[in-house]
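These numbers were taken from a predicted model, which means no experiment stands behind them. The chains referred to below are lettered A, B, ... by the order of the sequence lines, with proteins before strands, and numbering in each begins at 1.
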Amino acid sequence: MKLYLKIWRQEDRTSYGKLADYTLDNVSEHMSFLEMLDMLNEALVEKGERVVEFDHDCREGICGQCGVMINGRAHGPLSNTTTCQLHMRSFKDGDTIYIEPFRATAFPIIRDLKIDRTSFDRIIAAGGFISASTGQAPEANSIPINHETAEAAFDSAACIGCGACVATCKNSSAALFTSAKVAHLALLPQGKEEARTRVKSMMNQMDSEGFGHCTNTEACEVECPQEISVLNIARMNYEYNKSRILEK
Amino acid sequence: MKSATHQRKLWMAGTGLFLCFFLVIHLLGNIQLLLPGEEAKQQFNWYSHLLAGNIIIEVIAYVLYASIIGHVVYALVVTRKNKLASGKKYKYDRRSSASTWQSRNMGLLGTIIFAFLVIHFKDFWYQYKFTTLPLDEKGNKDLYTVVVAAYKEWWYVVMYEVAMIALGFHLLHGFFSAGRTLGVYHPKYIRWVKVAGWAYTGIITIGFMLIPVYVHFTKA
């Protein structure tokens, strides 16, 4: 199929970017979206132009590295999928596709479609861990945890930190990302000990990174490749309110 | 150590829920306008007088003024901060397909409601508190006649209805969103909050929408 691409090109963090037009022919419907971009980049190399830079790693939908706005939606037209798991069969011959980086003040653009998501790392560093030594992996099984709790914690832990929640939020809120880690650790006995200080430090870090307020539009859950539930946000709010009430 | 974003949302939720509670009291008062003829007048004026002369209601009234101002001020701050957080706009934006219209337009709906409130306060609250209204047979200030005179105008009723539709959508998202901010996270209770939100929104919106239309066609 033949595609008309409008891709955001930006030299570096400070320079002014704009959409550039490309036409790509002979795109197979079996290609993944990133393979389509590889094809474009090959053509650009042959012409001696700078390639379109974008993040990617596993291309299996589990690493959270890839992620762009495709036709105005995070990770493209399908809900709950990563960009690498989107295939060209979701598009038609002759389609125009807008490709832009995830945008938020806390996600500065590094170049083209590549963004700096270290703000997420700093949120995790602020409290998304357990300080006490919990021993080797088999020792975890020595603490009984009921099945439902284990499953719920694992559902929250599934977040891959791609940033689609922020990109799709009208307020660029990082509530879903932060809450997934808060809820994951608050559910488990190893994490409960520090639950009160964790939720406060992580939410403070989230604020100081410049993310916006959560308005509960629930768009984040729709776009999240891991289907992280918005109930994690409710859980985070509960944990935060509890920590404030019990605060000395 | 406080999370500023969550703290602001807690203020929005707290003031919003208080305003929700007030709407119930307000609707209970307005329902008396549906009584037949002269009875409506006496009952409504008696109720207005009861509220005006009550110390508890006086305190609640000040909490109400503070809640309206607080809700608006925090909304403005939150909107401003969110604009800063969003940064550059998308050239092609279809993000709206992932959420409900009202959840994305609480500011617009709130602005319509606030504009209505200014007119509403001027027409009834100011009249009752700061002007000398004629008294009815029982010696109570005759607010009933002021209300009926207002609802006589078709454009006034239309304006009222538009504002109530905006209120309905605002409540539909606001009630549930407040529950979320307060931390209701269990799926069972979330279902209750959702159902309660729908029921509350339905009763309040239909109730307030019905009264001016009824008065317009039967009493004015």
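- Side-chain contact of A:His184 with A:Lys181: a donor-acceptor pair under 3.5 Å is present, judged by distance alone.
- Neither the backbone nor the side chain of A:Met202 comes within less than 4.5 Å of any heavy atom in chain B.
- Top candidate by heavy-atom pairs under 4.5 Å with chain B, chosen from A:Asn232, A:Asn171, A:Asn71, is A:Asn171.
- No more than 12 heavy atoms of other residues, nucleotides or ligands sit less than 6.0 Å from atom CD1 of B:Ile206.
- Ranked by non-hydrogen atom pairs under 4.5 Å with chain A, the options B:Met106, B:His186, B:Arg94 are led by B:Arg94.
- Looking only at atom types and distance, the side chain of B:His173 has no donor-acceptor partner in the side chain of B:Ser103 under 3.5 Å away.
- Ranked by heavy-atom pairs under 4.5 Å with chain B, the list A:Met203, A:Gln205, A:Met236, A:Arg103 is led by A:Arg103.
- The most heavy-atom pairs under 4.5 Å with chain B, out of A:Thr168, A:Val222, A:Leu19, A:Asp207, come from A:Asp207.
- Interface summary for chain B: among A:Lys6, A:Glu209, A:Arg73, the most heavy-atom pairs under 4.5 angstrom belong to A:Arg73.
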B:Thr100 vs B:Arg104, test: side-chain contact (heavy atoms from CB on, under 4.5 Å). Steps then yes/no. CA-CA 7 Å; B:Thr100 59; B:Arg104 282 176 280 111; 5.8 Å; no

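- For A:Phe211, the part sitting under 4.5 Å from any heavy atom of chain B is the backbone (N, CA, C, O) and nothing else.
- Taking the six-membered ring for Trp and thresholds of 30 and 60 degrees, A:Phe91 and A:Phe33 have ring planes inclined between 30 and 60 degrees apart.
- Of the listed residues A:Thr105, A:Asn241, A:Asn216, the one with more heavy-atom pairs under 4.5 angstrom with chain B than any other is A:Asn216.
- Proximity of B:Arg8 to B:Met12: side-chain heavy atoms (C-beta onward) are nowhere separated by under 4.5 Å.
- Of the listed residues B:Gly179, B:Ala4, B:Ser99, the one with more heavy-atom pairs under 4.5 angstrom with chain A than any other is B:Ser99.
- Listed options A:Gly212, A:Ser172, A:Cys169 were ranked by heavy-atom pairs under 4.5 angstrom with chain B; first place goes to A:Ser172.
- When heavy atoms are compared at a cutoff of 4.5 Å, A:Val230 approaches chain B by way of both its backbone and its side chain.
- At a 4.5 Å heavy-atom cutoff, the contact between A:Met69 and chain B is made by side-chain atoms alone.
- If you measure heavy-atom distances from A:Ala175 to chain B, you find no contacts under 4.5 Å at all.
- If you measure heavy-atom distances from A:Glu223 to chain B, the contacts under 4.5 Å come from the side chain alone.
- For a residue to count as touching a neighbouring chain, one of its non-hydrogen atoms must lie under 4.5 Å from one of that chain's; by this rule B:Val78 touches chain A with backbone and side chain alike.
- Residue A:Trp8 is tested with A:Ile99, A:Val52, A:Leu113 for a side chain to side chain contact (heavy atoms under 4.5 Å, CB included); the sole match is A:Leu113.
- Heavy atoms of A:Pro77 lying under 4.5 Å from chain B are absent altogether.
- B:Arg95 has a carboxylate O that lies under 4.0 Å from a charged side-chain N of B:Asp93, or vice versa, which qualifies the two as a salt bridge.
- Proximity to chain A (any heavy atom under 4.5 Å) is shown, for B:Ser96, by neither the backbone nor the side chain.
- Between B:Tyr160 and B:Tyr156, the ring planes lie tilted relative to each other; the angle falls in the 30° to 60° range.
- Of the atoms belonging to A:Cys220, not a single heavy atom falls under 4.5 Å from chain B.
- At a 4.5 Å heavy-atom cutoff, the contact between B:Leu10 and chain A is made by side-chain atoms alone.
- Centroid-to-centroid, the aromatic rings of B:Phe18 and B:His71 stay 6.0 Å apart or farther.
- Here B:Trp125 and B:Tyr65 bring their ring centres to under 6.0 angstrom of each other.
- Chain A forms the most heavy-atom pairs under 4.5 Å with one residue out of B:Gln102, B:Lys83, B:Lys88, and that residue is B:Lys88.
- Counting heavy atoms from C-beta on, the side chains of B:Leu17 and B:Phe21 never come closer than 4.5 Å.
- Residue with the most contacts toward chain A among B:Thr79, B:Leu182, B:Thr181: B:Thr181 (heavy-atom pairs, distance under 4.5 Å).
- Taking the six-membered ring where the residue is Trp, the centroids of A:Phe120 and A:Phe107 are separated by under 6.0 Å.
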